[in-house]
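A short write-up of the structure that comes next.
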Amino acid sequence: MSSPTPLPPDETRFVEMVFPEQANHYGALFAGSALALLSKAAFVAASRRARNDVVMARSEATDFHTPVRVGELLDMVARVIRVGRTSLTVEVEGVAETLSTGARRPALNGRFEMVAVDAEGRPRPITLHPCSGAPVSAAAQ
């Protein structure tokens, strides 16, 4: 007996330890590495919600509030905040955590536009699941 397929989660979480190879010369997470982590979280959240391949169309409003130091955790939460015909908007928030004390502080955030695509890389519609209202790609129907 198989269990039903779960609905897409409302949020996707990632936790990343900041290591020296991800740091700049100040000993903090390099902005390029931070953008890669944020975009990965956005990609996974959008893919899970659309149940389809997605690509990034735009990165906007990325803010760096405080440095994330080598040896700290970066706890990221990605949320799909809008679903359009072929695209999704994903917000990602990152919180820095000091392992030894558990102290946490807002560190960075970003907003990403992701587009569902077919095998040729062309935009494809995202439709709503008839029972739950959760988006499901047209190919999954």
Side-chain angles (χ1 to χ4, degrees), residues 2-141:
S2 65
S3 59
T5 303
L7 295 176
D10 289 336
E11 61 184 37
T12 297
R13 288 188 161 276
F14 278 85
V15 177
E16 179 83 13
M17 170 68 86
V18 178
F19 288 107
E21 62 270 10
Q22 297 168 297
N24 58 25
H25 59 290
Y26 297 113
L29 181 63
F30 174 63
S33 297
L35 285 170
L37 292 170
L38 290 172
S39 63
K40 181 193 278 187
F43 168 80
V44 172
S47 296
R48 290 175 92 185
R49 181 57 81 86
R51 295 294 177 206
N52 198 82
D53 291 335
V54 299
V55 296
M56 185 187 305
R58 180 174 51 243
S59 169
E60 58 185 52
T62 303
D63 297 309
F64 300 90
H65 305 291
T66 185
V68 183
R69 301 282 176 206
V70 170
E72 290 186 316
L73 291 179
L74 179 60
D75 185 0
M76 293 168 285
V77 178
R79 294 179 184 90
V80 175
I81 61 167
R82 184 196 63 82
V83 178
R85 192 179 78 75
T86 62
S87 65
L88 306 94
T89 304
V90 182
E91 284 187 346
V92 185
E93 297 175 353
V95 175
E97 180 178 331
T98 304
L99 282 174
S100 61
T101 65
R104 294 170 57 87
R105 66 192 185 283
L108 46 92
N109 62 282
R111 182 181 286 205
F112 301 86
E113 285 295 317
M114 310 299 284
V115 176
V117 294
D118 62 18
E120 285 76 42
R122 293 184 303 254
R124 83 173 307 142
I126 300 169
T127 58
L128 296 179
H129 186 278
C131 296
S132 68
V136 176
S137 74
Q141 294 179 338

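Remember, predicted model here, so these are calculated numbers, not experimental data.
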- Approximate separation, where rounding is to 0.5 Å, of Phe30 CZ and His25 NE2: 10.0 Å
- Task: To the nearest 0.5 angstrom, please state how far the CG atom of Leu37 sits from the CD atom of Glu16.
- Result: 5.0 Å
- Step by step, would you call Phe43 with Lys40 a side-chain contact (heavy atoms from CB on, under 4.5 Å)? CA-CA 5 Å; Phe43 168 80; Lys40 181 193 278 187; 5.5 Å; no
- Task: Apply the test side-chain contact (heavy atoms from CB on, under 4.5 Å) to residues Glu93 and Arg79: give CA-CA distance (whole Å), side-chain angles for both, the deciding distance (0.1 Å), then the verdict.
- Result: CA-CA 9 Å; Glu93 297 175 353; Arg79 294 179 184 90; 3.6 Å; yes
- Task: Check whether any side-chain heavy atom of Leu74 sits under 4.5 Å from a side-chain heavy atom of Val15, and report yes or no.
- Result: no
Which atom of [X] lies closest to which atom of [Y], heavy atoms considered:
X      : Y     : answer
Leu99  : Gly71 : CD1-O, 4.1 Å
Val117 : Asn52 : O-ND2, 2.9 Å
Val80  : Ala45 : CG2-O, 3.8 Å
Arg58  : Glu60 : NE-OE1, 2.7 Å
Ala42  : Val90 : CA-CG1, 3.7 Å

- Task: State whether the side chain of Ser39 and the backbone N or O of Ala36 hold a donor-acceptor pair below 3.5 Å, judged by distance alone.
- Result: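 Side chain of Ser39 to backbone of Ala36, a donor-acceptor pair under 3.5 Å: yes, one is there.
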- Would you confirm whether Arg69, through its side chain, and Tyr26, through its main-chain N or O, come within 3.5 Å as a donor-acceptor pair?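 Side chain of Arg69 to backbone of Tyr26: a pair is present.
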Please tabulate, for the side chains in residues 103-116, all donor-acceptor contacts under 3.5 angstrom to protein atoms that are two or more places apart in sequence or on a different chain.
unit_1: Arg104; atom_1: NH1; unit_2: Asp75; atom_2: OD2; d: 3.3
unit_1: Arg104; atom_1: NH1; unit_2: Glu97; atom_2: OE1; d: 2.9
unit_1: Arg104; atom_1: NH2; unit_2: Asp75; atom_2: OD2; d: 3.2
unit_1: Arg105; atom_1: NH1; unit_2: Glu72; atom_2: OE2; d: 3.1
unit_1: Arg105; atom_1: NH2; unit_2: Pro67; atom_2: O; d: 2.7
unit_1: Arg105; atom_1: NH2; unit_2: Glu72; atom_2: OE1; d: 2.9
unit_1: Arg105; atom_1: NH2; unit_2: Glu72; atom_2: OE2; d: 3.3
unit_1: Asn109; atom_1: OD1; unit_2: His65; atom_2: NE2; d: 2.5
unit_1: Arg111; atom_1: NE; unit_2: Glu91; atom_2: OE2; d: 3.3
unit_1: Arg111; atom_1: NH2; unit_2: Glu91; atom_2: OE2; d: 2.4
unit_1: Glu113; atom_1: OE1; unit_2: Arg82; atom_2: NH2; d: 2.9
unit_1: Glu113; atom_1: OE1; unit_2: Thr89; atom_2: OG1; d: 3.3
unit_1: Glu113; atom_1: OE2; unit_2: Thr89; atom_2: OG1; d: 2.3

- Taking it one step at a time, do Arg124 and Thr86 satisfy side-chain contact (heavy atoms from CB on, under 4.5 Å)? CA-CA 6 Å; Arg124 83 173 307 142; Thr86 62; 5.8 Å; no
- Task: Kindly determine whether Ile126 and Leu88 satisfy side-chain contact (heavy atoms from CB on, under 4.5 Å), including the steps that lead there.
- Result: CA-CA 9 Å; Ile126 300 169; Leu88 306 94; 3.4 Å; yes
- Query: Got more than 12 heavy atoms from elsewhere within 6.0 Å of CZ, Phe14?
  - Reply: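 Atom CZ in Phe14 is crowded, with more than 12 foreign heavy atoms closer than 6.0 Å.
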